[in-house]
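Computed from a predicted structure; not experimentally measured.
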Amino acid sequence: MHPPGPEQCCRLTCRDPRAVTVCRRTLRLVLTLHGLIGLVDTAELLAAELVSNAVRHTEGPAALRVRWAEGVLWIGAWDADPEPPRFPAESDDFGEGEEGRGLGLVRASSEVWGWQPSGGSGSRGKYVWCELATA
């Protein structure tokens with residue numbers, strides 16, 4: 001089974017509450033079709049958190065991008081807002097609250113994570129991304 005091509009992309013309508021569900025299902029399908037079923041559950045969780053933040057905290061369009069190379073799955077959510085996200089500190093305790101746990105889950109469930117401005121060809125915004133390695 002061949003891994004996904006250089007990059008898969010799912011573009012989202014801004015502020016659409018269905019965006020997270022669409023991304024989760026699309027990612028599950030792509031990974032399953034390419035024999036990466038062992039990554040599906042964690043990848044879905046991470047993609048849902050990244051996309052949820054992009055849709056909830058920005059006004060413009062958003063996209064989920066996924067890339068597989070050399071045993072590493074890269075998951076990134078792009079949004080049109082150039083402001084950096086507020087990543088939780090290692091010591092943050094979210095308790096029973098409903099807010100603020102998403103990026104904490106990303107930090108705890110991925111090998112590497114971060115953000116970067118999306119530059120080039122006049123685009124603005126940022127990618128918030130993480131990586132998963134196969135066992």
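- With rounding to the nearest 0.5 Å, the separation of CZ in R56 from CG in D79 is 13.5 Å.
- The nearest pair of heavy atoms linking K126 to S118 is N-OG, 3.6 Å.
- Note that CG of L64 and OH of Y127 are 10.5 Å apart. Values are rounded to the nearest 0.5 Å.
- In terms of heavy-atom proximity, P85 sits nearest to L103 at CB-CD1, 4.2 Å.
- Considering NE2 of H34 and CH2 of W68, their distance stands at 11.5 Å, rounded to 0.5 Å.
- Minimum heavy-atom separation, L73 to A43: CD2-CB, 3.8 Å.
- Interatomic distance, L50 CG to L46 CG, rounded to the nearest 0.5 Å: 6.5 Å.
- A donor-acceptor pair under 3.5 Å is formed between the side chain of E111 and the backbone N or O of A133.
- D81 meets the salt bridge (Lys or Arg N to Asp or Glu O under 4.0 Å) test with no other residue; sequence neighbours excluded.
- Interatomic distance, D41 CG to L31 CG, rounded to the nearest 0.5 Å: 10.5 Å.
- Between S109 and L45, the shortest heavy-atom contact is OG-CD2, 4.2 Å.
- By the side chain to side chain contact (heavy atoms under 4.5 Å, CB included) test, I37 is found to be paired with T32, V40, residues two or more places apart in sequence or in another chain being considered.
- A pairwise comparison of heavy atoms in R24 and A48 identifies NH1-CB, 3.7 Å as the closest pair.
- Note that the CG atom of N53 and the CD atom of E49 stand 7.0 Å from one another [nearest 0.5 Å].
- Here the rule is side chain to side chain contact (heavy atoms under 4.5 Å, CB included) with V128, and of W78, W115, W113 only W115 fits it.
- V112 and W74 fall within a single hydrophobic cluster, where Ile, Leu, Val, Met, Phe, Trp and Tyr are joined by side-chain heavy atoms under 4.5 Å apart, directly or via other members.
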